[in-house]
Amino acid sequence: MSPEGDDFKPSEPYTHRLRRILDEYPDGSQVLREILQNSDDARSTEQIFILDHNTYPSDSLFNPEFHRFQGPALLAKNSEIFKERDFDSLLKLADSEKRDQFDKIGVMGVGFNSIYHLTDSPSFITGGKYVILDPHEWYYNGGKKFSFIEKNLAEGYPDQFAPFKIPSNEPCDKPFKKPFDGTIFRYPLRNSKKSDISEKIYTPEEISIMFRNF
């Protein structure tokens, strides 16, 4: 059974808008530059990129269908914890009323959406929150924000949190028992063309080339 969490849904579906945004924001190493820009805007003192080639177990996930996101991924770690206005900014990225006010939406600029060149469902851990974004609304109503410490989710769903251990240096026996001091974004690489955002499939080798170009 999937745990309860707060809906994290923009005020309008945005897969069609994401597809247009990707036409405006270049693919390749520019994606890393956009991530770095958001990190700098958040006043982070570090930015770490990790290419994770691993495929993780899928026995204890929030939803069995999440096995599709347990494969290779790009991870981006910085030293700042999300503030409430940052969560608001993510929602406003898909708000039609704000589409002409991208300079006013806070730390998470519209360039963040360039990561959808690579992935269909980003997720991240920040402080005591775990967020899954689902613009297709395949599994959630736009996304979900969980209080993972309060509900002891890492113990109940260890495979869901396993991909975050590498950049966090969390202990393997009892991970994520306290707030994470920073933010870890995880972008599972798109491995299927069944996407309304992009049909581009990404391999770890292509991310390696992106790293070299960056």
Side-chain angles (χ1 to χ4, degrees), residues 1-3 5 8 15 18-19 22 25 27-32 34-35 47-78 90 112-126 129-140 142-146 148 153-172 175-176 180 182-214:
M1 180 181 296
S2 179
F8 199 70
T15 52
L18 287 174
R19 201 175 185 96
L22 295 188
Y25 280 81
D27 200 351
S29 60
Q30 182 62 33
V31 175
L32 301 181
E34 295 294 343
I35 294 173
Q47 175 64 62
I48 298 173
F49 293 110
I50 297 173
L51 173 55
D52 186 357
H53 293 259
N54 294 309
T55 296
Y56 294 90
S58 303
D59 296 327
S60 57
L61 300 174
F62 291 174
N63 183 319
E65 293 298 319
F66 285 178
H67 69 85
R68 66 187 295 182
F69 305 126
Q70 291 294 93
L74 170 67
L75 297 115
K77 172 185 174 183
N78 68 55
L90 274 180
F112 171 81
N113 283 332
S114 66
I115 55 91
Y116 287 102
H117 277 298
L118 316 179
T119 188
D120 284 313
S121 182
S123 58
F124 62 94
I125 284 176
T126 184
K129 303 297 182 182
Y130 176 33
V131 175
I132 299 174
L133 301 179
D134 183 13
H136 285 90
E137 300 186 17
W138 283 331
Y139 312 108
Y140 293 129
K144 209 79 160 178
K145 180 169 65 173
F146 302 91
F148 66 86
L153 296 184
E155 183 171 322
Y157 302 88
D159 292 344
Q160 189 75 44
F161 288 80
F164 290 92
K165 292 179 184 177
I166 290 180
S168 68
N169 298 319
E170 286 283 336
C172 294
F176 299 106
F180 178 69
T183 300
I184 306 171
F185 290 93
R186 182 172 186 268
Y187 309 120
L189 303 184
R190 184 180 295 108
N191 55 18
S192 171
K193 293 187 177 181
K194 295 180 179 180
S195 169
D196 292 334
I197 299 172
S198 172
E199 294 182 355
K200 168 67 175 177
I201 293 175
Y202 257 92
T203 66
E205 290 72 26
E206 288 171 297
I207 301 299
S208 293
I209 293 173
M210 184 187 297
F211 278 178
R212 289 197 295 271
N213 290 338
F214 180 65

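- Counting all heavy atoms, side chain and backbone alike, R19 lies closest to S198 at NH1-N, 3.7 Å.
- Looking at residues two or more places apart in sequence or on another chain, you find a side chain to side chain contact (heavy atoms under 4.5 Å, CB included) between P158 and S60.
- Residues meeting the side chain to side chain contact (heavy atoms under 4.5 Å, CB included) test with P204, sequence neighbours left out: L51, H53, P72, L189.
- Taking CG of L61 as the reference point, atom OH of Y139 lies at 11.0 Å (rounded to 0.5 Å).
- Remark: side-chain polar atoms of Q47 are paired, donor with acceptor, to backbone N or O of K77 under 3.5 angstrom.
- Nearest heavy atoms, P163 versus L75: O-CD2, 3.8 Å.
- Closest heavy-atom contact between I197 and P135: CD1-CG, 3.9 Å.
- Here NE2 of H117 is found 12.5 Å from OG1 of T119. Values are rounded to the nearest 0.5 Å.
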Steps toward ring pair (Phe, Tyr, Trp, His ring centres under 6.0 Å) verdict (F164, F180): CA-CA 11 Å; F164 290 92; F180 178 69; 9.1 Å; no
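- Evaluation of the side chain to side chain contact (heavy atoms under 4.5 Å, CB included) rule for T126 yields I81, F82, F87, F124, K129, T183 as partners, not counting sequence neighbours.
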Does the pair F66 and I132 meet the rule for a side chain to side chain contact (heavy atoms under 4.5 Å, CB included), with working shown? CA-CA 11 Å; F66 285 178; I132 299 174; 3.9 Å; yes
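- Summarising the geometry of S58 relative to Q70, their closest heavy-atom pair is OG-CG, 3.6 Å, with the distance given to 0.1 Å.
- The closest side-chain heavy-atom distance from F49 to I207 is not below 4.5 Å.
- If you take CG on D134 and OH on Y140, they are separated by 8.5 Å, rounding to the nearest 0.5 Å.
- Within the structure, salt bridge (Lys or Arg N to Asp or Glu O under 4.0 Å) pairs that include any residue of residues 49-67 do not occur (at least two apart or interchain).
- To the nearest 0.5 Å, atoms CG (L118) and CE (M210) are separated by 5.0 Å.
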Evaluate Y116 against L133 for side chain to side chain contact (heavy atoms under 4.5 Å, CB included), listing each step before the verdict. CA-CA 11 Å; Y116 287 102; L133 301 179; 3.8 Å; yes
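- The two residues G142 and E137 have their closest heavy-atom pair at N-CG, 3.5 Å.
- Distance check: S195 OG to R190 CZ gives 4.5 Å after rounding to the nearest 0.5 Å.
- Taking the six-membered ring for Trp, F62 and F146 have ring centres closer than 6.0 Å.
- Looking only at side-chain heavy atoms (C-beta outward), F211 and L74 come within less than 4.5 Å of each other.
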Steps toward side chain to side chain contact (heavy atoms under 4.5 Å, CB included) verdict (Y187, I35): CA-CA 11 Å; Y187 309 120; I35 294 173; 3.7 Å; yes
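- A centroid separation of 6.0 Å or more is found between the aromatic rings of F176 and Y130.
- Applying the salt bridge (Lys or Arg N to Asp or Glu O under 4.0 Å) test to residues at least two apart or on different chains, the pairs with a partner in residues 200-214 are K200-E206.
- Using cut-offs of 30° and 60° for the angle between ring planes, the W138 and H136 rings count as parallel.
- In this structure, the separation between CD1 on I115 and CG on D120 is 9.5 Å, given to the nearest 0.5 Å.
- Take R186 and apply the salt bridge (Lys or Arg N to Asp or Glu O under 4.0 Å) test, not counting sequence neighbours, and it matches no residue.
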